[in-house]
Enquirer: 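Shown below is the structure under consideration.
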Amino acid sequence: MINWPARASPCIRPIGAERSAECAAIHATSFAYPWQETDFEQLFVTPGTFADGAIEAKDEYLAGFVLSRVAADEAEILTIAVAPEWRRRGIATSLLKPHLHGLAAIRVNHLFLEVDVENTAARALYANFGFEQVGERKAYYRTAGAGSAAALVMRRDLL
Ligand SMILES: CC(C)(COP(=O)(O)OP(=O)(O)OC[C@H]1O[C@@H](n2cnc3c(N)ncnc32)[C@H](O)[C@@H]1OP(=O)(O)O)[C@@H](O)C(=O)NCCC(=O)NCCS
């Protein structure tokens with residue numbers, strides 16, 4: 001049995017298509033409509049896509065990741081997810097810090113993302129990083145059953 005540490009200190013480093021299967025597995029535990037391994041493979045080879053992974057030190061497996069797409073001086077965080085057993089241990093925070101620094105280093109100024117209005121965990125995380133709401137898309141996400149939820153459009157300037 002694994003004793004999960006209260007605060008994780010994984011290695012954060014850029015990841016690519018070799019991690020597609022692990023990204024898809026984490027995504028499947030995180031979202032109602034998960035992306036497939038092939039979706040990640042395609043994203044990783046799309047120019048302008050940048051991803052960082054949280055790599056568990058002992059066994060080198062992926063505990064979480066963040067993936068963004070850059071166009072000129074703007075970028076969008078397409079997805080961020082942490083494996084359920086690793087949540088609330090600071091991994092998303094550890095991922096976002098270097099990811100945002102990396103985007104700023106390539107002169108990305110305006111960073112956007114969309115978040116489900118009902119996703120309190122992600123909204124708290126983004127608030128910690130200074131993202132502010134700049135829009136709302138009504139009935140943007142399909143939820144379980146026939147429901148829908150609004151997406152908040154968030155922005156943070158990096159430079
Ligand atoms: C959102 C998510 C990425 C956060 O990852 P995490 O590694 O658990 O986040 P951290 O441990 O770094 O937490 C950072 C802050 O986020 C907030 N937070 C994280 N989980 C929370 C929860 N369940 N409830 C309330 N706030 C939460 C807190 O402010 C937290 O700071 P604190 O621990 O000092 O209180 C993770 O819950 C996840 O993968 N969720 C499913 C996928 C998802 O919703 N992605 C976002 C899509 S827009």
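Whatever order the structure lists them in is the order used to number ligands and atoms, beginning at 1. Only this structure's heavy atoms are used, side chains among them; waters, hydrogens and symmetry mates stay out.
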Enquirer: Going by the order shown, which atoms of ligand 1 are within less than 4.0 Å of some heavy atom of Arg89?
Expert: 11 (O)

Enquirer: Which bit of Asn128 is near ligand 1, meaning a heavy atom under 4.0 Å away: side chain, backbone, both or neither?
Expert: side chain

Enquirer: Can a salt bridge be assigned to the pair Lys138 and Glu136 using a cut-off of 4.0 Å between side-chain N and carboxylate O?
Expert: yes

Enquirer: Can you sort out which atoms of ligand 1 are near Glu114, meaning under 4.0 Å from one of its heavy atoms?
Expert: 48 (S)

Enquirer: Below 4.0 angstrom, N of the basic side chain to O of the carboxylate: do Glu114 and Arg137 qualify?
Expert: yes

Enquirer: Tell me which part of Tyr126 gets within contact of ligand 1: side chain, backbone, both or neither, using heavy atoms under 4.0 Å.
Expert: side chain

Enquirer: Answer side chain, backbone, both or neither: which part of Asn119 comes under 4.0 Å from ligand 1, heavy atoms only.
Expert: side chain

Enquirer: Heavy atoms only: which of Arg88, Met154, His27, Arg87 lies closest to atom 32 (P) of ligand 1?
Expert: Arg88

Enquirer: For atom 6 (P) of ligand 1, which of Ala92, Ala124, Ser30 has the closest heavy atom?
Expert: Ala92

Enquirer: According to a hydrophobic-cluster definition based on side-chain heavy atoms being under 4.5 Å apart (Ile, Leu, Val, Met, Phe, Trp, Tyr only), do Phe112 and Leu103 belong together?
Expert: no

Enquirer: Decide yes or no on side-chain contact (heavy atoms from CB on, under 4.5 Å) for Leu67 and Phe44, but give the supporting numbers first.
Expert: CA-CA 9 Å; Leu67 189 148; Phe44 279 123; 4.1 Å; yes

Enquirer: Please state whether the rings of Tyr61 and Trp86 are parallel, tilted or perpendicular, taking 30° and 60° as the class boundaries.
Expert: tilted

Enquirer: Is there any N or O on Thr93 that sits under 3.5 Å from an N or O of ligand 1?
Expert: yes

Enquirer: Following the transitive rule for hydrophobic clusters with a side-chain heavy-atom cut-off under 4.5 Å over Ile, Leu, Val, Met, Phe, Trp and Tyr, establish whether Leu100 and Leu95 coincide in one cluster.
Expert: yes

Enquirer: Please check whether Gly90 reaches ligand 1 - meaning an N/O of the residue sits under 3.5 Å from an N/O of the ligand, judged on distance alone.
Expert: yes

Enquirer: Could you tell me whether some N/O pair between Ala81 and ligand 1 is separated by less than 3.5 angstrom?
Expert: no

Enquirer: In this structure, which one of Val153, Leu152, Leu111 forms a side-chain contact (heavy atoms from CB on, under 4.5 Å) with Phe131?
Expert: Leu111

Enquirer: Could you work out, for atom 18 (N) of ligand 1, the closest of Ala83, Ala121, Ala122 by heavy-atom distance?
Expert: Ala121

Enquirer: Is it true that Phe50 and His99 have ring centroids separated by less than 6.0 Å?
Expert: no

Enquirer: Under 4.0 Å from a heavy atom of Leu125: which atoms of ligand 1 are those, numbered in the order shown and with their elements?
Expert: 14 (C), 16 (O), 17 (C)

